[in-house]
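So that the names make sense, note that chain A is the first sequence line, chain B the second, and so on, each numbered from 1. Just so you know, these numbers use all the heavy atoms, side chains as well, and skip hydrogens, waters and symmetry mates.
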Amino acid sequence: MACQLIRIMRPDDANIAGNVHGGTILKMIEEAGAIISTRHCNSQSGEHCVAALARVERTDFLSPMCIGEVAHVSAEITYTSKHSVEVQVNVLSENILTGAKRVTNRATLWYVPLSLKNVDKVLEVPPIQYAWKELEEDGKRRYEEQKLERLVTKQRNGDIIFPVFNPEPYTVGYSQSSLIHLVGPSDCTLHGFVHGGVTMKLMDEVAGIVAARHCKTNIVTASVDAINFHEKIKKGCVITISGRMTFTSNKSMEIEVFVDADPFVDEPKERYRAVSAFFTYVSLSKEGKPVPVPQLVIETEDEKRRFEDGKGRYLQTKAKRQVQMQPLTQQ
Amino acid sequence: MACQLIRIMRPDDANIAGNVHGGTILKMIEEAGAIISTRHCNSQSGEHCVAALARVERTDFLSPMCIGEVAHVSAEITYTSKHSVEVQVNVLSENILTGAKRVTNRATLWYVPLSLKNVDKVLEVPPIQYAWKELEEDGKRRYEEQKLERLVTKQRNGDIIFPVFNPEPYTVGYSQSSLIHLVGPSDCTLHGFVHGGVTMKLMDEVAGIVAARHCKTNIVTASVDAINFHEKIKKGCVITISGRMTFTSNKSMEIEVFVDADPFVDEPKERYRAVSAFFTYVSLSKEGKPVPVPQLVIETEDEKRRFEDGKGRYLQTKAKRQVQMQPLTQQ
Amino acid sequence: MACQLIRIMRPDDANIAGNVHGGTILKMIEEAGAIISTRHCNSQSGEHCVAALARVERTDFLSPMCIGEVAHVSAEITYTSKHSVEVQVNVLSENILTGAKRVTNRATLWYVPLSLKNVDKVLEVPPIQYAWKELEEDGKRRYEEQKLERLVTKQRNGDIIFPVFNPEPYTVGYSQSSLIHLVGPSDCTLHGFVHGGVTMKLMDEVAGIVAARHCKTNIVTASVDAINFHEKIKKGCVITISGRMTFTSNKSMEIEVFVDADPFVDEPKERYRAVSAFFTYVSLSKEGKPVPVPQLVIETEDEKRRFEDGKGRYLQTKAKRQVQMQPLTQQ
């Protein structure tokens, strides 16, 4: 049932300091998730389908991965609702010279099976067997929670990043960046839509450029907030990925990233917002230790509001982490 | 002495209509040029060097290349000055099913040998032997011409593409586009600077997006004006490639493309203009025939001036082509 | 008739010690072979076809290739039977700084022309002209030999690699590895089946991970036993490539690699074994000299049997090599 993917990390997978891009890891996670969920959804006879990524839960990057190490990505189906599949993915990095292994990520992804004949039709998911009844109940609770959150974020999606002329250092306008990408055949699934993992890799690339422009040091992805994939992106589209800094703590930066699709060739459709997400980056010294980052200079009311929202997310995550770290005896 | 490179064209090398991107071809041309000129410049004992691309002469795309065809790229050294090498490259496409071959490009590139130990030091080029004295004289004339042109374009390089809010269809602001790229190890030569071919591929990608946004049809590269590589780009830089439409004739579009490098990690250096060039695109019907393109809507004095300049280049090229097509008896 | 392919070796083509992966070289060899044989099989008017790789003879890696060197891959057709083509490929590495060239590989590949309209139909191959009658006779002998061997290996293909929990160091379970890959458009030929070269590159990647896990040093491909491609693999499949160590001599390791295809989306077909092969690796010191490898710890009867088989192959190859190395005067 489980699905394991291994790959050696190459120079192109990493930044010049040798740290593998968070986006490279997110792309591998999504590939493993897509394979296991597509396989599961086709395991009963009936209409063929491809599992499309609907949502990725918040993901932490627990330790860096380096060029020459082997990434182990293992995926497992942990819950199925009528029309969706939950996949848990674990990532280990293995130094094959020393044999040392470290956990680098744990991620949860939600997939939806779309018919190969009619991509707007969602098929039914064959149910899985649970070892304990509690596992099913926990899965159901997670399913309801993410369903609610998906609705909320859908409304947030209208914002646009405007260009800024002659920005001052450390302002939002100073580091904001955007990238365009022409969607090619290798970016796409069998039914011609962009793999969620390809989108996440590009988002991390933009977020990384924003972070590096702000602090001009070696930066690495620390975490990604939950990402919802509301709209599919078709082969041949041009996608614009834009990022701006929203918040800085003492040692971290939060960057908001938008993905807009421009189906400009064979369709009358307008440009639309396909995905949005928050990435958190930290700045590293040459010895690989986190160092303080310059504080973000706030200029407008909107920037102030976004900074406060970012601070809220930052404090919430910090609080959650402290709870999880309490020894068992205290719980 | 000659150097030939062949490669099968894959889906990732082409647009969704199956036409190989002009940028893919430019990248292969430059790879062949870099190999032959680096080999030649190291052919005498002495300090080792890598040949860096200094200039590409105007290049026409004579016929389209398709997925599944085999590209044949052959390079030959045709002139050497004290510090530079001229390489002529021919590109054929071969349909290996029918055996049909067509010439798709003829290009002329200029390389300069830079010392591997000290990349700011230009080494001397071993002279080549000419079959006829006239070949040397012709080469010398081409060398002097390009030297002069390089000086002229260096002054043009200061312009910037400003963002436009809510642009009207068919205006310059409507289709202008920009792309950022983090320079990775596989983009670079042995001394850690970006291959000219990698830069040209990205430039063609942006120009193609500008053209497609303007006319919303299948578009292909028709020609590239001479490109001068004034400044090297180092590994780890972020490069911004921006394009805007400058001129439309009845059936063609001219797009100006700028490449700016941002050496943001380990250096105090400012962002600088590394390359600029004009690309000409045509719009194709589903049957592959050129179709009329919407006229560019001009809004400012600067745009008007650039349109007139583009018209000048267009008419000059047209006139030259008619001269070349006259039968020999009329000359 | 001949077909030559050249390419600069980039960081992503090599391991962290700078040695180009054997798989990168195998992929270039196969690309040259596919071009020359497809061209030949379409050289007479008639039904169009694509030549599909059926078999690669045992291939030795005679000397390492490094980043920055230029690979020259030249292919030539040396024999044709009614339905197959034999291609000989030579690979040279050229250091374009020093001008030094070394032979790195000589390979023999067998191709079969499959109709573009009906991929299950094998077409007839146009005969080639031989300079001497002996060349044809030798070719015929090689053809008969490989035909027999293909039959034998077809039966061996049923084995499976099972996971092992908490394996001891240096056991088979300790280093065994597997990798999954979703077959994308650029992995495929014109009729939508995976290029043999893509498969071999992935096989070498897994074998390399197994070898590095076992001996934790810089390892390089020394040779690949004959590989038979019994079953085609279609675009959209997921392939699982698994490897396990079968034998160690004093300075070499033999790794068995299996490729299983899972046509999980659009077909009712079961998972099937597509390819299997033996790779031999050596371990290198920092100075690039072969060093002893830890002996494989054998735990089961099956492992013992496979170890003995591997020893047989090792001794046979060693014997053959000694014969070939005897000076001409003794023959």
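Across all their heavy atoms, C:Ile6 and B:Cys3 have their closest contact at CD1-SG, 2.9 Å.
Residue C:Asp187 holds its CG atom at 9.0 Å from CG of B:Asp12, rounded to the nearest 0.5 Å. A distance of 11.5 Å separates CZ of B:Arg39 from CG of C:Asn95, quoted to the nearest 0.5 Å.
In terms of heavy-atom pairs under 4.5 angstrom with chain C, the leader among B:Thr38, B:Val73, B:Ile67, B:Asp13 is B:Thr38. Of the listed residues (B:Ser186, B:Cys188, B:Cys41), the one with the most heavy-atom contacts under 4.5 Å to chain C is B:Ser186. Counting heavy-atom pairs closer than 4.5 Å to chain B, the top residue among C:Gln4, C:His48, C:Met28, C:His72 is C:His48. When the candidates B:Ile96, B:Val50, B:Val70, B:Leu97 are compared by the number of heavy-atom contacts under 4.5 Å with chain C, B:Leu97 comes out ahead.
For a residue to count as touching a neighbouring chain, one of its non-hydrogen atoms must lie under 4.5 Å from one of that chain's; by this rule B:His195 touches chain C with the side chain only. Both the backbone and the side chain of B:Thr98 come within contact range of chain C, judged by heavy atoms closer than 4.5 Å.
Each of C:Thr189, C:Leu5, C:Ile35 was compared with B:Ile8 under the side chain to side chain contact (heavy atoms under 4.5 Å, CB included) criterion, and only C:Ile35 meets it.
Ion pairing of C:Glu31 with B:Arg7 is absent here, as no side-chain N (NZ or NE/NH1/NH2) approaches a carboxylate O to less than 4.0 Å.
In this structure, C:Arg106 places its CZ atom where only 12 or fewer heavy-atom neighbours from other residues, nucleotides or ligands lie under 6.0 Å away.
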